[in-house]
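Right, one structure below, let's go through it.
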Amino acid sequence: MEKNWVVVFTDTFLPKVELVKAMLLEHEIPTIIFNQQDSAHRTFGEIQLMVDRDNVLKALHLIQS
């Protein structure tokens, strides 16, 4: 079964993205991290946290609270 991943959080600081991911996983929301940062220059690009389309509203609510 193919998932339809949607970006729910974006940042340039990986530890912050990892914290949000851990919080969502505690609430049983599967996530993936898509890191688009340049490996030589960490100031270029961003890191996206994605969830399945079915969990978008719940994830956004948890992130905002």
**Report entry** salt bridge (charged side-chain N to carboxylate O under 4.0 Å, His left out) contacts in which one or both residues fall within residues 16-29, not counting sequence neighbours
**Finding:** Asp11-Lys16
Report task. Kindly indicate whether the side chain of Leu24, heavy atoms from C-beta on, has any atom under 4.5 Å from the side chain of Lys58. Result -> no
Query raised in the report: Given side chains that start at C-beta, do those of Pro30 and Asp52 come closer than 4.5 Å, heavy atoms only?
Result: no
Cluster overlap [X] with [Y], hydrophobic side-chain contacts below 4.5 Å:
| X | Y | value |
| --- | --- | --- |
| Ile33 | Leu60 | yes |
| Leu62 | Val6 | yes |
| Ile32 | Val7 | yes |
| Leu49 | Leu57 | no |
| Ile63 | Leu25 | no |

**Report entry** For Phe34 against Met50, the heavy-atom pair lying closest together
**Finding:** CB-SD, 4.1 Å
Report task. Taking all non-hydrogen atoms of both residues into account, name the closest pair between Phe13 and Ile47 and its distance. Result -> C-CD1, 4.1 Å
Query raised in the report: Can you tell me how far the CG atom of Asn55 sits from the CH2 atom of Trp5, to the nearest 0.5 Å?
Result: 8.5 Å
Query raised in the report: Hey, does the side chain of Gln37 reach the backbone of Thr12 with a donor-acceptor pair shorter than 3.5 angstrom?
Result: yes
